[in-house]
Amino acid sequence: GLHTTPEPGPNGAFYCLAMFPYPSGRIHMGHVRNYTIGDVIARYQTMRGKAVLQPMGWDAFGMPAENAAIKQGVHPATWTFDNIAHMRTQLKRLGLAYDWAREVTTCDPDYYRWNQWFFLQMVERGLAYKKHATVNWCPSCETVLANEQVVDGACWRCETPVTTRELSQWFLKITAYADELLAWCDRLPGWPERVLTMQRNWIGRSEGVEVDFRILGSDRSIRIFTTRPDTIFGVTFLTLAPDHPLVPALTAGRPEEPAVNAFIERVAAQDPRARAEASTKEGVFTGSSAINPLTGRPIPIWVGNFVLMSYGTGAVMAVPAHDQRDFEFATRYRLPVRLVIQNPAGTLDPEGLTEAYVEEAGRLIESDEFSGLAPAEAQARIAAAIETRGHGRRIVHYRLRDWGISRQRYWGTPIPMLYCERCGVVPVPERDLPVVLPQDVPFTGRGGSPLAESPQFLHAPCPTCGGPARRETDTMDTFVDSSWYFLRYAVWPRTPDRALDPDAVARWLPVSQYVGGIEHAVLHLLYARFFTKVIRDLGLIRIDEPFSGLLTQGMVIKGGAKMSKSKGNVVDPDQLIATYGADTARLFMLFAAPPDKDLEWSDEGVEGIHRFLGRVWRLVAAWVTAGEGRPAPAVNGIADGAPEHRVRRAMHRAIHRVTKDIEDQYHFNTAVAALMEYVNTLSEFRPDDGPAVGAAMIEALDTLALLLAPFAPHLAEQLWFERGHPPSVGRRDWPVADPAWLTEARVTVPVQINGKLRGTIVVDASASQEDVVAVALADPKIQGWVGGHVPRKVVYVQGRLVNLVL
RNA sequence: GCCGAAGUGGUGGAAUGGCAGACACGGCGGACUCAAAAUCCGCUGCGGGCAACCGCGUGGGGGUUCAACUCCCCCCUUCGGCACCA
């Protein structure tokens, strides 16, 4: 009954989503942890009365399927669907309350046709475009990679060092949303700060000024980008990237030309990573000079290995006095250093700087009418002056680059474009979607786009002129598939004629709680945010962000390293479930660490959880055997301290703590600890302790089943059945703690002398400070510490602590 | 270098201004058993003491407070992200 999604009712909707897996073959412990966390949240919200959508699907396109085809001769589709069938069985064994009817499989043409449709919408709006560019290339995967997929200079999937290639590729214009993606980082309170920080860093916004420096003896100029226009009077030279397009013109026919060319060749031959790590700043004079537009003074133009063509304009104004890189460069080549900001203490010596002064504090000097200003104000004034005098403009630069989505692989969504001899690049008309992946493709592993090997696929008539045309043979990055799948889940029944049903999406989205690995902090999570905004601007949805809450669970590690085949430290979930059952697997994952921290695998820990579940079973079994069908107890008027009172109090306390731990930041480890304490308390009582205890116990054990239901659903259901209740415990209301039972009439209060614990006293919880101090001073042990002194000061925190300051 | 997270017993971890170490693992001792397993009970931060107790203790140093793992300042270490980004 939990596995069908109800319509959202008056109690509201809750969309609980775990990142869908790649069907690699078998589930691993990371999946078990991820999906258990999500399932606890979904089951809890169900019992809280929310209409809950918890779907599951398959991120089914990707390289491993193709590699299997190359190595074993099995078709990627066969391999993928076999894996899905197996993994679905594995997930079902864990007792995850998914609505399997809504399953999404991205390699299904009914799904990927909408990838193609969204792509065409983006082409129409200029958000998808083709350009010739230097792109990241993985020699092992033999395909292009997006910037986000290069991790430490290596392929995100296979860790092969990435090289570059010059290729004509399709890009999605994520930079058009850079500002909005950044701005919303401040409006996602349900996201972990570290993920937001990573996204902010990745987008890398920087405000500055572009300034044109006219080349001496030429009508051309060099455009530089700076974030420090306040230092422009300190510019003593310009530095261009070695591959800056103006370099040849600057050196042509000059005596410096051979030296410059030799330098450029030397830098180009360097591996980009080695270049980044080489901290020595080297360069060469071009022989040309430029004019500083604010001072009118001529300055030499250099080429430097530390200037990157890929950022800003590929040219920088060098201010050695206020930029450490420029300072090192100037020192090496004996170029002038011009101090234009004096520090607040006035201690900087213009003739004897030993390092750049980069702080934005102090006053401008030697800067004409701007002298005397603070750097922050000078930045605004000088930027304005540059604009009004026509030397440049204020501009914002981003580190974020457009998303290259062309992949030279088979097992992905075909890019729905045609190349006509007469009409050029032509989109496939919407009515012709989906462009289906052909079956007759040889898997040779030789590289190149495999789709080009299928003549039937390759040749198609041009939709515009009917003449011969060739299909695009690259496929889409698989991250396109996962950029909107969470929207498709909400559409039910599925609409074969359109990607999204706006009403269905409005009913469920944004995702209330998303659960997945931190490794997607700037991959999937950035792309999905981008797609959501594009789809919003297409008018199909009204949300700005896809995921309200985000929980990034930690890794499962063993022996200090992430579980992996190569490390040989994997523990197979099937083995775990076969030996101990799904509930032990689930509870261990929840108890061993807070969800966002790494979890160290422990065989002994698993045993411990298994023992706990055994104790729960024996506890309930003992009482069921002894006292079936007892009526609900009446416990009012029972004296404080009576055993049945203790049972009742423990029950309300457990309800309170488990509820609070789930609600506050999903502290499942302490929620499970609270359940253990509860069970420990209930275990103190025996069926022959009398009818009052028996009545309280029966109620307490029912509550135990309810509290256990989200965590260990199988055992909870069985306990519920043993108690004679109809199924299902997971559909009953979550219990509510009565605040009256959470407080005690008499409390044990620690007594401190001068802040040090010296004893405890038992007082009425409502006792006044005077009464409590009197009891404390009457205590023989306390008297020994106080001696004959009168406390100089007394602090009493009601029911918590008393501190006597002597 | 910049940004972020973290540092607590033998181990995983708890406590977010009020009894540090909940809960669990491991260890030690005991019960049951011919024996073992399972189960149950007790003890378990470090040092001192026969003991009741005492001293010390949350990476290091300083500060605020009656009271600090918790707040403030400085420093160290680890992990993660970005990075000759102009």
Side-chain angles (χ1 to χ4, degrees), chain A residues 151-152 192-206 208-209 224-228 231 238-239 241 275-282 304-308 310-319 322-326 328-329 358 397-399 518-519 521-522 552 554 587-588 591-594 596-609 611-612 614-615 618 657 661 667 669-680 683 748-760 781 784 791-806:
Chain A
V151 179
D152 290 333
E193 195 52 42
R194 61 176 172 158
V195 174
L196 296 170
T197 300
M198 283 160 79
Q199 294 221 348
R200 288 188 193 106
N201 284 345
W202 190 261
I203 294 166
R205 180 187 154 100
S206 106
V209 185
I224 62 93
F225 173 68
T226 182
T227 55
R228 292 296 302 274
T231 65
L238 297 185
T239 317
R275 185 183 160 193
E277 277 159 25
S279 56
T280 315
K281 280 141 197 79
E282 290 181 82
N305 65 345
F306 65 98
V307 179
L308 306 174
S310 55
Y311 186 79
T313 60
V316 300
M317 63 177 211
V319 188
H322 303 291
D323 183 287
Q324 189 56 26
R325 292 157 304 183
D326 297 341
E328 285 166 31
F329 195 86
V358 297
H397 272 291
Y398 298 93
R399 218 188 66 87
I518 186 75
E519 67 272 17
V522 283
T552 49
L587 219 52
F588 173 72
F591 181 62
D596 57 331
K597 299 275 170 50
D598 285 352
L599 182 154
E600 175 73 37
W601 179 265
S602 158
D603 290 329
E604 295 80 9
V606 173
E607 291 273 1
I609 289 293
R611 282 200 293 266
F612 167 67
R615 282 199 299 277
R618 287 191 296 274
R657 284 181 58 191
D661 285 345
H667 287 160
N669 54 329
T670 52
V672 174
L675 285 171
M676 288 174 169
E677 286 187 64
Y678 181 41
V679 170
N680 290 345
S683 299
T748 303
V749 172
V751 182
Q752 293 183 340
I753 309 289
N754 293 333
K756 279 188 187 297
L757 180 71
R758 296 303 183 192
T760 56
K781 201 178 154 196
R792 185 164 58 81
K793 178 170 182 173
V794 173
V795 178
Y796 177 56
V797 183
Q798 188 81 46
R800 296 295 300 271
L801 170 138
V802 59
N803 187 13
L804 307 175
V805 185
L806 302 182

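Chain letters run A, B, ... following the sequence lines, proteins first, then strands; residues in each count from 1.
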[atom1] spacing across the pair [N] / [M], given as an integer number of angstrom:
| N | M | atom1 | value |
| --- | --- | --- | --- |
| B:G17 | B:C72 | P | 12 Å |
| B:C84 | B:G59 | C1' | 33 Å |
| B:U33 | B:C40 | C1' | 13 Å |
| B:U77 | B:U58 | C1' | 16 Å |
| B:G81 | B:U11 | P | 27 Å |
| B:C2 | B:C69 | C1' | 28 Å |
| B:U44 | B:U78 | C1' | 30 Å |
| B:G80 | B:A86 | C1' | 26 Å |

What is the distance from [atom1] of [X] to [atom2] of [N], rounded to the nearest Å?
| X | N | atom1 | atom2 | answer |
| --- | --- | --- | --- | --- |
| A:R325 | B:C2 | CZ | P | 14 Å |
| A:I203 | B:A83 | CD1 | P | 13 Å |
| A:D603 | B:G12 | CG | C1' | 14 Å |
| A:N201 | B:G1 | CG | P | 16 Å |
| A:L804 | B:A67 | CG | P | 14 Å |
| A:M198 | B:G4 | CE | C1' | 9 Å |
| A:D661 | B:A14 | CG | P | 10 Å |
| A:D323 | B:G1 | CG | C1' | 12 Å |

Phosphate-side-chain proximity, [X] and [N], N/O vs OP1/OP2 below 4.0 Å:
| X | N | value |
| --- | --- | --- |
| A:R618 | B:C40 | yes |
| A:K281 | B:C84 | no |
| A:T197 | B:C82 | no |
| A:R399 | B:C2 | no |

Is there side-chain contact between [X] and [Y], with heavy atoms separated by less than 4.5 Å?
| X | Y | value |
| --- | --- | --- |
| A:Q199 | A:V522 | yes |
| A:T239 | A:R325 | no |
| A:V672 | A:F588 | no |
| A:T231 | A:M317 | yes |
| A:V316 | A:I224 | no |

Under-4.0 Å salt bridge between A:R200 and A:E193: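 Counted as a salt bridge, because a side-chain N and a carboxylate O are separated by less than 4.0 Å.
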Distance-only, no hydrogens or angles: does the A:N305 side chain make a donor-acceptor pair with backbone N or O of A:T280 under 3.5 Å? yes
Is a donor on one side and an acceptor on the other found under 3.5 Å between the side chain of A:N754 and the backbone of A:L806? yes
Just to be sure I understand the rule, does A:R205 reach a base, reach only the sugar-phosphate, or reach nothing, if contact means heavy atoms closer than 4.0 Å? nothing
Tell me what A:K597 touches on the nucleic acid: a base, only sugar-phosphate, or nothing, going by heavy atoms under 4.0 Å.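 Here A:K597 touches no strand at all.
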Along RNA chain B (nearest heavy atom to each residue), the more 5'-positioned of A:A592 and A:E193: A:E193
Nearest-nucleotide wise, let me know which of A:P594 and A:K781 is further upstream toward the 5' end of RNA chain B. A:P594
Over 60° means perpendicular and under 30° means parallel, so classify the ring planes of A:Y311 and A:F225, tilted if in between.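 Perpendicular, since the angle between the ring planes exceeds 60°.
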Can you give one letter per nucleotide of nucleotides 16-29 of chain B, 5' to 3': B if a protein heavy atom sits under 4.0 Å from the base, S if only from the sugar-phosphate, - if neither? --BB--BBSSS---
Rounded to the nearest 0.5 Å, what separation is found between the OG1 atom of A:T670 and the CZ atom of A:R657?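 The distance works out to 7.5 Å.
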Heavy atoms of A:K281 and A:F329 approach each other most closely as CB-CD1, 4.0 Å
Only Watson-Crick and G-U wobble pairs with both distances less than 3.5 Å should count. Give RNA chain B in dot-bracket notation, marking inter-strand partners with |. (((((((..(((.....[....)))((((((.......))))))((((....))))..(((((..]....))))))))))))....
Closest to the A:T226 side chain: B:A86, B:G81, B:C54?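 Nearest listed nucleotide: B:A86.
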Would you call B:G4 syn or anti, using the 90° rule around 0? anti
